[in-house]
Amino acid sequence: MALSFPQLLQSQTIAIALLCLTFLSLIRKRLNSSTNLPLPPGPPRHWLFGNTIPKIFGYRKFEEWTKQYGPVFSLQQGLQTIVVIGRVQAAIDIMEKEGTHTADRPRCIAAGETLSGGMRLLMTPAGERFKKMRRALHAYLQPKIVATYGSTIMDRAKQHILDIIEDPIKHQDHAKRYSASVVMVLAYGQWPKGRDDPDIGQVNDCLTRLGNNMRPGYWKVDFYPFLKYVPGYLKELQDGHVKELGLFQRKLFEVRDRMARGEEVQSCFGKYLLERQKELELSDGETAYLAGSMFGAGSDTTASGISVAVMAAACYPNAQRRVQQELEQVIGRNRAPTIADMEVLPQTHAYVLETLRWRPVTAGGFPHRATKELIWGGYRIPEGAIVIGNAWAIGRDPQYFPDPEKFNPQRWFDSNGKLREDLKNYAFGLGRRVCPGQHIATSSIFLNTALILWAMTVEKDPNHPIDELAFTESANAHPMPFKVIFGPRAAETFDGVKELLDEYGI
């Protein structure tokens with residue numbers, strides 16, 4: 001409904017007042033700064049509006065600015081200072097060593113408050129509520145618990161291979177279906193109703209919507225809060241919130257209803273939350289969103305990681321052959337690799353690490369907020385600044401990753417042929433806001449990569465060249481559709497491969 005003139009005037013007055021208060025607050029913070037050190041250098045900015053941040057592939061532009069201005073550079077959006085980290089040592093110094101002071105999230109009106117209703121863990125500010133929600137999520141995502149999900153992950157991975165054999169052109173869709181189906185079992189104890197389960201489609205729609213709206217600079221309201229009072233400006237996000245809250249509540253209430261009827265409900269995160277909802281002091285909406293967070297906790301990363309592994313196998317056949325040689329020596333062809341084989345397949349493990357470095361799914365990294373003034377390299381990072389660890393640029397640090405555009409799993413081995421302990425992968429975030437779903441994601445990418453390269457060969461399709469930089473524009477990047485040729489490897493025919501997988505995961 002349109003606002004009357006007095007209402008519109010009142011809204012504008014409130015917006016102007018809030019803008020003035022924000023401006024005065026920032027001036028006070030600057031005057032109260034403990035040092036006169038300058039901000040990190042950065043590109044020229046407009047005196048009022050600050051810098052222009054590309055709405056698409058901003059992380060690639062950040063890499064250019066890292067090369068031009070150094071490991072840490074600064075931007076300005078309105079009255080907000082943004083500090084971007086693009087090299088390994090700076091990430092360690094600021095995000096890891098100062099993790100206590102960079103664990104917070106900045107206010108996110110668009111994707112956080114509006115799309116997520118302020119209930120999505122990913123964007124929840126640091127504090128007691130965040131700690132409570134994260135503890136609950138960690139209870140079902142820590143490594144020792146993930147190990148108990150082995151049969152589920154293996155069962156879904158087997159179906160993933162069978163789907164590729166049946167319809168290889170849609171291999172990327174199969175990867176998304178695999179990851180969403182695993183998460184559905186873990187979150188709600190419910191197996192998908194088939195390859196075209198509508199709930200899986202809705203889950204992937206939620207992830208796409210979130211990724212699109214989390215791009216830095218995509219919504220100006222995050223830097224100019226008064227825009228939230230513009231009638232209709234946030235309607236797209238408000239409608240999206242209604243859709244995803246409805247999905248999350250419906251799935252969780254299905255678990256609640258089964259429990260109320262006395263039916264046997266498989267151990268799952270939703271059941272765990274419902275049994276402890278009062279203890280956790282969570283509303284129905286918060287509980288639904290926390291269970292729904294399981295969808296994002298590794299699901300998007302898993303699907304993209306699997307597709308990138310397939311792309312790399314086709315584009316870098318030598319890397320593929322090294323993994324297959326290891327699989328031949330350690331596993332053979334009479335049985336398929338399992339999650340338990342991860343420790344004895346270092347070449348495959350290195351391949352996965354390189355997959356996550358070469359084309360990280362959260363390439364731009366999610367924003368943190370400095371809760372105190374930090375000093376690094378003679379520069380000042382102000383209290384309240386947005387701090388972004390740009391995974392794309394960090395993974396291209398020439399000191400640690402020479403020839404970074406080359407897919408080279410061997411960079412993860414030391415001179416003794418052991419996986420390096422001094423080299424870290426930042427695909428899952430930095431400091432104290434590392435993605436809690438990283439263990440599921442890593443295990444899933446490892447298993448599916450091992451299974452694909454054990455069961456098949458992957459080659460380029462000469463009629464359809466692969467663009468190694470063609471990715472979606474969302475914050476969680478996926479390869480654009482690409483074609484490869486799958487051939488049988490573990491057996492002479494794909495029917496033979498299916499027979500070898502008959503009892504897999506049972």
Side-chain angles (χ1 to χ4, degrees), residues 53-63 72 75 77 80-86 90-91 94-96 98-99 101-116 118-127 130 133-134 137 141 206-219 222-223 289 292-302 304-305 356 359-371 381 384-395 424-438 441 471-478:
I53 299 176
K55 289 187 176 182
I56 61 172
F57 306 125
Y59 57 88
R60 299 182 191 177
K61 186 62 178 181
F62 286 177
E63 162 67 353
V72 179
L75 303 168
Q77 279 274 287
Q80 179 67 62
T81 298
I82 303 170
V83 175
V84 181
I85 301 167
I94 299 170
M95 307 302 286
E96 303 285 344
E98 295 285 358
H101 306 298
T102 55
D104 201 7
R105 292 287 196 215
R107 185 183 182 192
C108 181
I109 295 174
E113 295 177 13
T114 308
L115 177 60
S116 307
M119 295 182 287
R120 185 174 256 115
L121 179 65
L122 176 64
M123 286 165 281
T124 299
F130 166 74
M133 295 172 71
R134 189 173 175 88
L137 193 58
L141 293 177
C206 281
L207 294 173
T208 299
R209 186 185 302 115
L210 177 65
N212 284 338
N213 289 291
M214 281 195 69
R215 285 175 281 177
Y218 187 73
W219 285 93
D222 289 327
F223 303 106
Y289 253 94
S293 293
M294 182 80 83
F295 285 141
S299 175
D300 226 20
T301 307
T302 298
S304 178
L356 295 170
R359 295 290 184 267
V361 59
T362 52
F366 293 120
H368 296 235
R369 175 180 175 273
T371 54
I381 300 174
I386 293 175
V387 183
I388 299 175
N390 183 20
W392 179 268
I394 293 171
K424 194 171 181 180
N425 199 309
Y426 293 99
F428 297 101
L430 301 111
R432 299 191 179 187
R433 296 301 290 243
V434 173
C435 174
Q438 63 175 313
F471 277 68
T472 60
E473 299 171 357
S474 61
N476 291 331
H478 289 254

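Note that CE of Met95 and NE2 of His368 are 3.5 Å apart. Values are rounded to the nearest 0.5 Å. Arg209 contributes atom CZ, which lies 6.5 Å from atom CG of Leu115 (distance to the nearest 0.5 angstrom). To the nearest 0.5 Å, atoms OG1 (Thr124) and CZ (Arg134) are separated by 11.0 Å. Rounding to the nearest 0.5 angstrom, the gap separating the CD1 atom in Ile388 from the CD1 atom in Ile82 is 5.5 Å. Taking CZ from Arg369 and CD from Gln80, the interatomic distance works out to 8.5 Å, rounded to the nearest 0.5 Å. Remark: Arg105 CZ to Phe130 CZ distance equals 7.5 Å, nearest 0.5 Å.
Side-chain contact between Arg359 and Phe471 is present, with at least one heavy-atom pair separated by less than 4.5 Å. The shortest distance between side-chain heavy atoms of Asn476 and Thr301 does not fall below 4.5 Å. Counting heavy atoms from C-beta outward, Tyr289 and Leu121 have side chains that stay 4.5 Å or more apart. Put simply, the side chain of Leu356 reaches to within 4.5 Å of the side chain of Phe428, judged on heavy atoms. A 4.5 Å side-chain heavy-atom check between Glu96 and Leu430 finds at least one atom pair inside the cut-off.
The two residues Pro106 and Pro367 come nearest to each other via the heavy atoms CD-O, 3.5 Å. Across all non-hydrogen atoms, the minimal contact from Met123 to Leu210 is CE-CD1, 3.8 Å. Contact between Ala91 and Ile394 at its shortest, heavy atoms only, is CB-CD1, 3.8 Å. The minimum heavy-atom distance linking Asn390 with Ala363 is given by the pair OD1-O, 3.0 Å. Across every non-hydrogen atom of Ala385 and Ile381, the tightest pair is CB-CG2, 4.2 Å. Shortest non-hydrogen contact noted between Ser116 and Ala111 is OG-O, 2.7 Å.
Side chain of Thr472 to backbone of His478: a donor-acceptor contact under 3.5 angstrom is found. For Arg433 (side chain) and Ala103 (main-chain N/O), a donor-acceptor pair under 3.5 Å exists by modelled atom type. With hydrogens and angles disregarded, no donor-acceptor distance shorter than 3.5 Å links the side chain of Asp222 to the backbone of Cys108.
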Item checked: side chain to side chain contact (heavy atoms under 4.5 Å, CB included) evaluation trace for Leu122 with Met214 -> CA-CA 11 Å; Leu122 176 64; Met214 281 195 69; 3.7 Å; yes

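Residues passing the salt bridge (charged side-chain N to carboxylate O under 4.0 Å, His left out) test with Arg432: none are found, sequence neighbours excluded.
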